[in-house]
Structures are given as structure tokens and as C-alpha cells.
Amino acid sequence: AVSAAALGCVGVMPVHAAPPSPPVLMTWTGFYVGANAGYAWGNANPTMIGSITGAPFFLPATTGPVPSLTPRGFIGGGQVGYNWQTGQWVFGGEVDFSGLNAKADASVSPFFTNKANVTTWSSRYDWLFTARVRGGFTVAPNWLLYATGGLAVTHVNDSVACTAAGNGCYDFGPGGVTVSWSGTSTLAGGTIGGGLEAMFAPNWTARVEYLYAKFKDTAPGIVSFPASPPAPFPPLFSFHHELNVVRCAINYKFSP
């Protein structure tokens, strides 16, 4: 048998296993940037706020209802934010900007059902900006359930156009002229929502999120009429504005 001393003389040493690597600690604390994409829908339902039968150049006649408008379409953009974690709780803030292609059209005429006319209504959301606080807790070290809320800003374009071969949109002047209302507005409102986010790598997270945003109503002014009114033409319609957003996002988190 070969003794241990002999093995030492020829340079053979005992082999020890390498110590295990320390586990990678996941933390939500830090700045992050990312991208998002999803689907937006809402309503821009118009309401009569003036009387067609009592307004200048609109004489008494039987009138019809206004339509329901449900703008919907794609939303996508980017976000930047910061999280701070203490125990299971995570708090932070985020700003994001997204392009919107949410629009709706309808052809329903409230003008003089005893006359031939076509009235087209349209509402479109062009973009959405939010600045929100976030707060939640980790249901597992790498899973975050959160609520969020804050400021929302959007840009809308609302229009109404009544067209008739004769004077089916009014009871004054020559026929065959379109009467139209139009307005674009940048609206500030509020938003609330929540989501579920997963940290699938030390510097990467992915999430699904829902937001509800509410804005003030708008009342587009008249932009086309067959004659100049002798006095300022009163608004006839207002448009309601609210949005629902469901989107997915991926973020890269910088080390704290």
C-alpha cells in the first residue's frame, strides 16, 4: 500500500470541492426603462346640450337621437420609473407616453327626421401620457401585485357633420351645404389601475396592467355653416371622454 507520506512526496494532494456560489438576491429597488403595447377602448358618447329646435337657423321640427361612440384601438409606447423595496412592500413612481389609434364613427342624424340628411359623428384619441405613483407587495420574491394612480393627459379630436342635398340640416338659406362642428383638445384628467409584475431575471421584469382614465367633456364649435350667424352660435353637442387600457410591458431594471 502507498502511504500518504509517499503520495505527498510525488506531489499528489487531496482534492476539495469548490464552495457554492452565493445566491443572486432579487430586489425591486432601482430605476427602470421599458416598452409597452396593448389595447385601449372607452366611450366618447355625445350629448345634446343645446336645442336644435330653438337654436338660430334651426326651426322647430321632429328630431332624432344621438349615437353611442366607443373608440377602440392599439396603444403602445414606453415608460421610465423607480421602485423602492422595504421588506415585502414596493413603492415608486412612473411616467409613460403612448401613441393611440383609438377611434369611432357613427352615422345617426338628430336633425329633422322629416327631412333627408346624413350626420356623421367621429371621435379619436391620438396619444396618452400618465404620471403615476405605484404601491404593492411581493406575493413571492419575484412577483409583485400593485395598485397605481395619478395624472393622465390625452389629445382628442371630435367632429359632427350634417350633409343634405337640400336644406335638410337647417331651415335657412340655400341647400346642399354641409353644417359641421369640430374641435381638438388636450385634456388632463385622472387615472387609476393595477397590475401584476414578474421579475424573471435579476435585471428584467414583465407585467400586465389595467388603467382607467377619465377626462372632462368637450363641446366642439361650429366650423361650417351656409351663412354667417348674426350672433355667436351656441354649442349643440358635448362629447364624453374616458378610456380603459390593458397592456403588457417589459422593463430593464438598473442595479440599485
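All heavy atoms count here, side chains included; hydrogens, waters and symmetry mates do not.
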key: Closest heavy-atom pair and its distance - I222, S180   = CG1-O, 3.3 Å
ask   = If you look only at pairs with a residue in residues 68-163, which of them pass as a disulfide bond (SG atoms under 2.5 Å apart), with sequence neighbours excluded?
value = C162-C169
ask   = Once you round to the nearest 0.5 Å, how far does OG1 of T205 lie from OH of Y32?
value = 8.0 Å
task = Output all residues satisfying side chain to side chain donor-acceptor pair (under 3.5 Å) with Y82, sequence neighbours left out; order by chain, then residue number.
result = none
ask   = Are the side chain of T27 and the backbone of T29 linked by a donor-acceptor contact shorter than 3.5 Å?
value = yes
message = With a 4.5 Å cut-off on side-chain heavy atoms, are L100 and D126 touching?
response = no
ask   = Can you find a side-chain donor-acceptor pair between S123 and D158 that sits under 3.5 Å?
value = yes
note = Heavy-atom nearest pair, P220 first then G183, reads CB-N, 3.7 Å
key: N/O donor-acceptor pair under 3.5 Å between W28 side chain and T86 backbone   = no
ask   = Counting only N and O atoms by type, is there a donor-acceptor contact under 3.5 Å from the side chain of N43 to the main-chain atoms of T70?
value = no
query = Taking the side chain as C-beta and beyond, is there a heavy-atom pair between M199 and T138 under 4.5 Å?
reply = no
inquiry  = Hydrophobic cluster membership, with links at side-chain heavy-atom distances under 4.5 Å among I/L/V/M/F/W/Y: are V156 and F237 in one?
reply    = no
query = Does atom NZ of K103 have more than 12 heavy-atom neighbours, drawn from other residues, nucleotides or ligands, at distances under 6.0 Å?
reply = no
task = Check A219 against I49 and note the closest heavy-atom contact, atom names and distance.
result = CB-CD1, 4.0 Å
Gap separating the CD atom of E242 from the OH atom of Y125, nearest 0.5 angstrom = 7.5 Å
query = With ring centroids as reference points, do Y212 and Y210 lie under 6.0 angstrom apart?
reply = no
ask   = Just how far is it from atom OG of S98 to atom CD of Q79, taken to the nearest 0.5 Å?
value = 7.5 Å
note = All heavy atoms of A152 vs all of L128, minimum pair found to be CB-CD1, 4.4 Å
note = Value for CG (N117) from OG1 (T163), rounded to nearest 0.5 Å, stands at 8.5 Å
message = If we ignore hydrogens and angles and just use 3.5 Å, is the side chain of T148 paired with the main-chain N or O of V133 as donor and acceptor?
response = yes
inquiry  = Pairing donors with acceptors under 3.5 angstrom, does anything connect the side chains of E209 and Y146?
reply    = yes
message = Just by distance, no angles: are the side chains of T119 and S109 close enough, under 3.5 Å, to form a donor-acceptor pair?
response = yes
key: Path from F97 to Y39 over hydrophobic side-chain contacts below 4.5 Å   = no
message = Are V95 and L151 linked, directly or through intermediate hydrophobic residues, by side-chain heavy-atom contacts shorter than 4.5 Å (ILVMFWY only)?
response = yes
key: Aromatic ring pairing Y252/F254, orientation class (parallel under 30°, perpendicular over 60°, tilted between)   = perpendicular
remark   = Between N157 and S182, the two heavy atoms sitting closest are OD1-OG, 4.3 Å
task = Say whether F200 and V33 are linked into one hydrophobic cluster, either directly or through other cluster members, by side-chain heavy-atom distances under 4.5 angstrom.
result = yes
message = Determine whether a donor-acceptor pair (N or O, by modelled atom type, separation under 3.5 Å) exists between the side chain of Q85 and the backbone of V90.
response = no
request  = Using side chain to side chain donor-acceptor pair (under 3.5 Å) as the criterion, list what pairs up with S122, not counting sequence neighbours.
outcome  = D105
message = Applying side chain to side chain donor-acceptor pair (under 3.5 Å), can you list everything that pairs with D217, at least two apart in sequence or on another chain?
response = H240
inquiry  = Please report the interatomic distance CD(E197) to CH2(W143), rounded to the nearest 0.5 Å.
reply    = 10.0 Å
ask   = Do you know the tightest heavy-atom contact between A40 and A102?
value = O-CB, 4.5 Å
inquiry  = Are T154 and S185 packed together at the side-chain level, in the sense that at least one heavy-atom pair is separated by less than 4.5 angstrom?
reply    = no
message = With a 4.5 Å cut-off on side-chain heavy-atom distances among I, L, V, M, F, W and Y, is there a chain of contacts connecting F31 to F91?
response = yes
request  = For E94, enumerate each residue passing the salt bridge (Lys or Arg N to Asp or Glu O under 4.0 Å) test, keeping only those at least two apart in sequence or located in another chain.
outcome  = R132, R207
key: Gap between atom CG of L243 and atom CG of L211 - 0.5 Å precision   = 10.0 Å
task = Output all residues satisfying side-chain contact (heavy atoms from CB on, under 4.5 Å) with T186, sequence neighbours left out; order by chain, then residue number.
result = W127, V153, H155
request  = Give a yes or no on whether the backbone of G42 and the side-chain of N244 come within a donor-acceptor separation of less than 3.5 Å.
outcome  = no
